[in-house]
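Shown next, in structure tokens, is the structure this report addresses.
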Amino acid sequence: MSSSSTIESVLVENRVFPPDARATEGARIAGMAAYEALCQRAASDFEGFWADQARANVVWSKPFTRTLDESRAPFYKWFDDGELNASANCLDKHIGTPVENKTAIVFEADDGTVTSVTYKELLARVSQFANALKTQGIAKGDRVIIYMPMTIEGVVAMQACARIGATHSVVFGGFSAKALQERIIDAGAKAVVTANFQMRGGKELPLKAIVDDAIALGGCDTLQTVLVYERTASAWNRVEGRDKTFTEVLQGQSSECAPQPVGAEHPLFILYTSGSTGKPKGVQHATGGYLLWAKLTMDWTFDIRPEDVFWCTADIGWITGHTYVAYGPLAAGATQVVFEGIPTFPHAGRFWQMIEKHKVSIFYTAPTAIRSLIKAADSDEKVHPKNWDLGSLRILGSVGEPINPEAWMWYHVNVGREKCPIVDTFWQTETGGHVITPLPGATPLVPGSCTLPLPGIMAAIVDETGKDIPNGSGGMLVIKRPWPSMIRTIWNDPERFKKSYFPEEMGGTIYLAGDGAVRSADRGYFRITGRIDDVLNVSGHRLGTMEIESALVAKTDLVAEAAVVGRPDDVTGEAVCAFVVLKRSRPTGEEAKAIAAELRNWVAKEIGPIAKPKDIRFGDNLPKTRSGKIMRRLLRSIAKGEAITQDTSTLENPAILEQLAQSN
Ligand code: PRX
């Protein structure tokens with residue numbers, strides 16, 4: 001079976017794939033009985049269970065005596081009188097063990113150049129950079145923005161912050177100057193770590209120039225230093241007194257730097273993500289619980305073994321790149337691949353070629369990437385995975401969005417050669433790491449289902465009042481008890497934290513994920529049905545509809561009003577669809593195309609290219625109720641190209657529906 005169309009015709013929904021003997025043998029959690037025993041232990045002695053895990057998996061410089069403090073719920077605290085250092089848990093811990101001379105990172109650049117570092121070397125580089133940060137006046141508790149390409153240096157910068165107790169906030173290199181400026185201001189960052197350029201798909205793209213633009217927008221009053229990694233030889237504009245190169249600040253720095261112990265609740269990082277308002281949320285994670293999760297899920301979900309070569313394709317700008325590039329693999333002492341480039345350059349077989357070349361045994365990527373590579377392989381045999389030896393693979397992973405059964409089957413057959421379990425990991429920026437996922441040596445797999453919660457994760461599906469919904473019916477996904485790696489607060493906005501995640505109607509202490517889900521009637525397996533708020537998932541990237549609307553209406557010379565909805569897309573999962581009312585008359589034909597292009601570029605400038613609407617439709621106005629509320633469900637139907645079957649009797653201006661359906 002090589003083409004996706006063949007697989008689409010397979011009735012996959014009822015298919016169950018029990019764990020292969022290769023995966024079960026020697027697995028940490030081997031078989032469902034072992035999984036259930038762990039769940040049982042967590043249910044009967046919740047705190048004891050987590051205390052044991054935290055003692056076994058984390059090196060504490062000062063042991064904790066309190067496991068969970070719920071006195072200020074939902075502001076939960078874990079292991080809070082303990083002290084540790086996250087970088088020491090990823091690096092120093094391995095010194096004096098066989099891991100010290102093991103390769104920590106194999107870096108493949110966009111152009112295919114490969115470099116690697118051992119654990120010992122990585123520790124020296126992180127320590128040197130940590131000393132450099134200190135010389136620049138960065139100390140425990142300060143915030144550092146990291147706006148870096150996928151490089152060893154990006155990981156070094158994150159680890160160095162952790163080493164001195166500075167809180168990092170990584171901003172994805174595809175975000176715009178405006179988005180960067182907002183994050184610098186909100187975080188109150190003292191320094192920005194960046195690169196002159198980044199290489200993607202053979203192109204040299206600016207990063208430092210965007211930092212300059214961000215600062216020029218104003219308001220970055222806390223910012224003192226910009227540190228620039230010279231990724232390429234190309235010239236860049238230096239602001240004297242503020243900008244320094246890596247070479248300059250690393251000059252003469254010792255490669256030893258004692259890790260700064262911090263309290264378990266000390267903020268390790270802030271990562272901004274989209275919510276249901278225009279302003280991104282600074283999701284704050286705590287050092288102890290997060291580090292525990294990064295290590296534990298490497299063991300549980302990936303069953304990581306000393307000989308594994310782990311490759312997570314996510315960028316360090318996203319949570320997946322935090323937990324499964326910058327922290328988890330290092331805490332586990334694994335060898336990992338870090339890739340600078342894109343899956344389609346110089347050809348769409350790049351991933352498969354890299355798996356063969358680096359003998360990757362655990363491969364973790366997003367459904368969007370899989371879907372786009374299916375498309376590429378369908379149209380060009382030469383980039384089909386069958387052209388490469390993928391025999392090193394042991395476990396496959398999926399993350400970021402629902403994986404449709406067709407893509408699951410293709411991944412299973414063509415990449416896993418029907419031998420590798422696929423762990424479809426459900427989690428979020430807020431959960432810190434996996435929360436609902438199969439275990440490779442235990443869980444029978446069902447395509448399209450993230451199966452069951454990890455031990456100790458009290459996931460459930462409920463109605464608006466928090467009442468459990470029976471298996472087989474859809475509802476809202478919640479987690480009823482806290483867990484160590486959960487979001488601690490929204491930076492600078494504890495009220496928004498409470499409101500967004502812990503609804504009063506459910507008692508105020510239950511975590512609301514923001515996703516709809518359903519459990520299967522037979523196995524109780526979870527299937528995520530998508531966001532229930534105004535958040536879109538485009539290519540596995542989270543985007544707020546309000547954020548894009550705000551960006552559109554910020555084009556004040558042109559746009560009067562805008563509404564943004566998502567519609568299903570074969571490759572990207574969801575696509576952004578914008579309905580726009582202009583300040584001038586409604587354009588048509590070529591003029592409409594030109595204005596749509598202008599607005600797309602505008603959104604790219606305001607947020608980043610990932611937020612560009614795929615469709616822009618112009619209307620004389622938008623469908624609204626008599627009280628002035630935009631009826632988004634109607635817009636969603638129009639975006640999908642569906643006939644309107646909903647009740648439109650409350651609509652102020654029903655004629656607009658036809659106009660919007662026709663305009664494009
Ligand atoms: O809607 C869910 C979807 O991605 C959202 C979280 O996005 P973000 O915070 O950017 O983190 C992405 C990487 C963990 C969720 O609310 N999502 C994530 N993983 C899955 C998923 N939907 C279905 N299945 C998954 N495995």
Side-chain angles (χ1 to χ4, degrees), residues 170-172 174-175 269-276 280-285 290 293-294 297 301 312-325 328 364-371 396-405 407-408 411 422-438 443 445-454 457 459 461 474 476-479 485-487 490 500-501 511-518 525-545 547 566 568 572-574 608 610-611:
V170 185
V171 177
F172 174 58
F175 275 121
F269 65 85
I270 303 163
L271 184 59
Y272 288 86
T273 190
S274 298
S276 45
K281 309 189 256 204
V283 172
Q284 180 180 322
H285 277 287
Y290 174 81
W293 213 257
T297 48
T301 312
C312 165
T313 65
D315 192 284
I316 52 167
W318 310 112
I319 190 67
T320 311
H322 280 57
T323 315
Y324 301 106
V325 177
Y364 190 34
T365 197
T368 293
I370 298 167
R371 286 191 296 262
L396 300 175
S398 171
V399 57
E401 43 178 331
I403 178 162
N404 45 315
W408 195 102
Y411 198 28
I422 298 178
V423 289
D424 174 1
T425 60
F426 169 82
W427 60 297
Q428 308 173 300
T429 305
E430 293 87 343
T431 68
H434 310 147
V435 285
I436 307 182
T437 176
T443 319
L445 304 172
V446 171
S449 166
C450 53
T451 72
L452 295 168
L454 286 175
I457 294 292
I461 299 180
M476 296 189 270
L477 178 65
V478 296
I479 303 178
S485 65
M486 68 192 297
I487 174 177
I490 291 175
S500 311
Y501 304 110
Y511 175 80
L512 179 73
D515 280 293
V518 57
Y525 276 11
F526 287 75
R527 192 164 56 79
I528 307 298
T529 51
R531 300 285 308 190
I532 50 173
D533 52 10
D534 295 316
V535 171
L536 305 182
N537 195 324
V538 179
S539 301
H541 301 321
R542 224 165 116 169
L543 294 168
T545 53
E547 222 175 318
T572 59
E574 270 187 299
I610 49 172

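Numbering of ligands and ligand atoms starts at 1, following listing order. Just so it is clear, the values below take in all heavy atoms, side chains as well, and ignore hydrogens, waters and symmetry mates. Positions are given from 1, in the same order as the sequence printed here.
Applying the salt bridge (charged side-chain N to carboxylate O under 4.0 Å, His left out) test to Glu430 and every residue at least two apart in sequence or in another chain returns Arg542. Not counting sequence neighbours, the partners of Asp515 by the salt bridge (charged side-chain N to carboxylate O under 4.0 Å, His left out) test are Arg531. With sequence neighbours left out, Tyr272 forms a ring pair (Phe, Tyr, Trp, His ring centres under 6.0 Å) with no residue at all.
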Pairs under 3.5 Å, N/O atoms on ligand 1 and on the protein: can you put them in a table with the distances?
{"unit_1": "ligand 1", "atom_1": "1 (O)", "unit_2": "Asp515", "atom_2": "OD1", "d": "2.6"}
{"unit_1": "ligand 1", "atom_1": "1 (O)", "unit_2": "Asp515", "atom_2": "OD2", "d": "3.4"}
{"unit_1": "ligand 1", "atom_1": "4 (O)", "unit_2": "Gly400", "atom_2": "O", "d": "3.2"}
{"unit_1": "ligand 1", "atom_1": "4 (O)", "unit_2": "Asn537", "atom_2": "ND2", "d": "3.2"}
{"unit_1": "ligand 1", "atom_1": "9 (O)", "unit_2": "Thr429", "atom_2": "N", "d": "2.8"}
{"unit_1": "ligand 1", "atom_1": "9 (O)", "unit_2": "Thr429", "atom_2": "OG1", "d": "2.6"}
{"unit_1": "ligand 1", "atom_1": "9 (O)", "unit_2": "Arg542", "atom_2": "NH1", "d": "2.7"}
{"unit_1": "ligand 1", "atom_1": "16 (O)", "unit_2": "Gln428", "atom_2": "NE2", "d": "2.9"}
{"unit_1": "ligand 1", "atom_1": "16 (O)", "unit_2": "Asp515", "atom_2": "OD2", "d": "2.4"}
{"unit_1": "ligand 1", "atom_1": "16 (O)", "unit_2": "Arg531", "atom_2": "NH1", "d": "2.7"}
{"unit_1": "ligand 1", "atom_1": "17 (N)", "unit_2": "Gly400", "atom_2": "O", "d": "3.3"}
{"unit_1": "ligand 1", "atom_1": "19 (N)", "unit_2": "Gly400", "atom_2": "N", "d": "3.2"}
{"unit_1": "ligand 1", "atom_1": "22 (N)", "unit_2": "Pro402", "atom_2": "N", "d": "3.4"}
{"unit_1": "ligand 1", "atom_1": "24 (N)", "unit_2": "Glu401", "atom_2": "O", "d": "3.4"}
{"unit_1": "ligand 1", "atom_1": "26 (N)", "unit_2": "Asp424", "atom_2": "OD1", "d": "2.8"}
{"unit_1": "ligand 1", "atom_1": "26 (N)", "unit_2": "Thr425", "atom_2": "O", "d": "2.8"}

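You'll find the side chain of Asp424 stays beyond 4.5 Å of the side chain of Phe526, heavy atoms only.
A donor atom on one side chain and an acceptor atom on the other are not found under 3.5 Å apart for Tyr511 and Thr431. For the residue pair Thr425 / Tyr364, a side-chain donor-acceptor distance below 3.5 Å is found, with atom types taken as modelled.
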